[in-house]
2 protein chains.
Amino acid sequence: MSLRHALLGLLADTPQNGYDLTKRFEETLSGHAWNAGHSQIYPELKRMTADGLIEVVDEGSRGSKVYGVTDAGRTELRRWMFSPVGDTPPRNEFVLRLFMLSSLDLPDVRVLTERMAESSGERVTGLDHAIEQIEAATPAGQPHGYARFAAEFGRRYYELQRDWARWVLEQLETAHRPAGSTNSEAGSATRRESR
Amino acid sequence: MSLRHALLGLLADTPQNGYDLTKRFEETLSGHAWNAGHSQIYPELKRMTADGLIEVVDEGSRGSKVYGVTDAGRTELRRWMFSPVGDTPPRNEFVLRLFMLSSLDLPDVRVLTERMAESSGERVTGLDHAIEQIEAATPAGQPHGYARFAAEFGRRYYELQRDWARWVLEQLETAHRPAGSTNSEAGSATRRESR
DNA sequence: AAGCCCATGTAACTGGTTACATGATTCT
DNA sequence: AGAATCATGTAACCAGTTACATGGGCTT
């Protein structure tokens, strides 16, 4: 139940209402960490209040409820942070596709892998720009916030996708196995990369 | 509906039964690509058969059904492979935790981040060994170079986690900001009043 | 007054996980 | 004979998504 802890973490940073939390998710977490819409967030906030992890600390002008973390909530958050990561089952469509590449014939594979490497590369440069902007907006000497960390992770991740796609392409090129058959050479042709 | 295409891809590589597919998922996809248990796979195979994407091509000795991809299935698989990646919402507990780091005080952050970098590092060396074994034990003509690709992605991914965690730690050390306070200017991690 | 952003909620549905259930074959 | 593995299924539940619904306040 990671949604709960994500909310706890965000509220521990800044007390805020459900609407703001929804935006915060959208902006910082939905890229690489976690995702949730408002229809999931509001009910969870109620449950968390019932469980004593958070409480309404203020009411905004239009009747919005500003939530803050209780002591019990802070304890729970820390407990979770120090508990072992029960790895969440992966759902990565990009990687899935790369694994399914061998179902296509070589020309298709070439086109697709190049395209994948390219689009990952574009996202890298996109994030490079975003990082520049973040750094420009941060006064010298001041530490950057979450956004900088998120962007850095994103950049590195897309770099990884790009480089891995290139590497796979290279493997497939050198292996040049016939379409449709289970490959015979790919395994033995692999030994050449860094380590 | 990526499960469908994952199954399609696996079956395009080798016709097999639900049991084998379940294992294949576990072995190769559940690391970084996609996840599914048998209770999800069997019903989906039925639906796919009903939709004409796959068909029973053989029956094993103990009444197992060996599925193969139909022409329609192959067409659909290719269509999917070339369609734009509708990025799947992320669920990454590790990254989520790293984003929540600031809710702890500096000593806790240090301990945790080091631990995270460490455990990622362990997984890197673990995968290094796995890769060695795959490369050593690949008899010419075997089921997949998939495993090699998967392992490579995994290694690079954990490397990324490790290095990023180290980098975050470094940032936090040099910034050395006091516990609990959010710095004011940085990116989206800004304190704002709720309206 | 019209339109946008703020703000909160519920309902229906889909996808995914856990648990329950069964039986055949192979290995020791 | 007993255990492990092969093999397939269903049911209950939980998490997450999409759609529906409403109203206040702010700006133009």
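Quick note on labels: first sequence line is chain A, next is B, and so on, each numbered from 1.
Checking side-chain atoms of B:Arg91 against main-chain N and O of A:Asn35 turns up a donor-acceptor pair under 3.5 Å. With hydrogens and angles ignored, the 3.5 Å screen pairs no side-chain donor or acceptor of B:Thr14 with any backbone N or O of B:Leu11. B:Thr70 places a side-chain N or O within donor-acceptor distance of the main-chain N or O of B:Gly52, the cut-off being under 3.5 Å.
Atom CD of A:Glu59 is separated from atom P of C:dT8 by 10 Å (rounded to the nearest Å). Rounded to whole Å, atom P of D:dC6 lies 15 Å from atom CD1 of B:Ile41. Summarising the geometry, the separation between CD on A:Glu93 and C1' on C:dG15 is reported as 14 Å, rounded to the nearest angstrom. Summarising the geometry, the separation between CG on B:Asn92 and P on D:dG16 is reported as 14 Å, rounded to the nearest angstrom. Atom CZ in A:Arg24 sits about 13 Å away from atom P in C:dC6, given to the nearest Å. As a whole-Å value, the separation of B:Leu45 CG from C:dG15 C1' is 16 Å. As rounded to whole Å, 14 Å separates atom C1' of C:dG16 from atom CG of B:Leu7. Rounded to a whole Å, the OH atom of B:Tyr19 is 12 Å from the C1' atom of C:dT25.
Listed nucleotides: D:dT17, C:dT8, D:dG16. Nearest to the side chain of B:Pro89: D:dT17. Checking C:dG15, D:dT10, D:dC6 against every side-chain atom of B:Lys23, the shortest atom distance belongs to D:dC6. Of the listed nucleotides (C:dC5, D:dT10, C:dG15), C:dG15 has the atom at the smallest distance from the side chain of B:Met1. Residue B:Gln40 has its side chain nearest to C:dG15 when only D:dG16, C:dG15, D:dA15 are considered.
Residue pairs meeting the salt bridge (Lys or Arg N to Asp or Glu O under 4.0 Å) criterion with at least one member in residues 49-63 of chain B, sequence neighbours excluded: B:Arg4-B:Asp51.
Residue A:Tyr42 places none of its side-chain N or O atoms closer than 4.0 Å to OP1 or OP2 of C:dG9. Checking the phosphate oxygens (OP1, OP2) of C:dT17, a side-chain nitrogen or oxygen of B:Asn35 falls inside 4.0 Å. For B:Arg62 and C:dT26, the shortest distance from a side-chain N or O to OP1 or OP2 is not below 4.0 Å. The phosphate of C:dC6 (OP1 or OP2) has no side-chain N or O of A:Lys65 nearer than 4.0 angstrom. Residue A:Arg91 has a polar side-chain atom (N or O) positioned under 4.0 Å from OP1 or OP2 of C:dG16.
In this structure, B:Gly18 and A:Leu3 both approach DNA chain D, and ranking their closest nucleotides by distance from the 5' end singles out B:Gly18. Place A:His38 and B:His38 on DNA chain D by their nearest nucleotides, and B:His38 ends up nearer the 5' end.
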Step-by-step side chain to side chain donor-acceptor pair (under 3.5 Å) determination, A:Glu93 to B:His5: CA-CA 10 Å; A:Glu93 220 187 303; B:His5 298 103; over 6 Å; no
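With hydrogens and angles left out, the side chain of A:Ser39 and the base of D:dT18 share a donor-acceptor pair within 3.5 Å.
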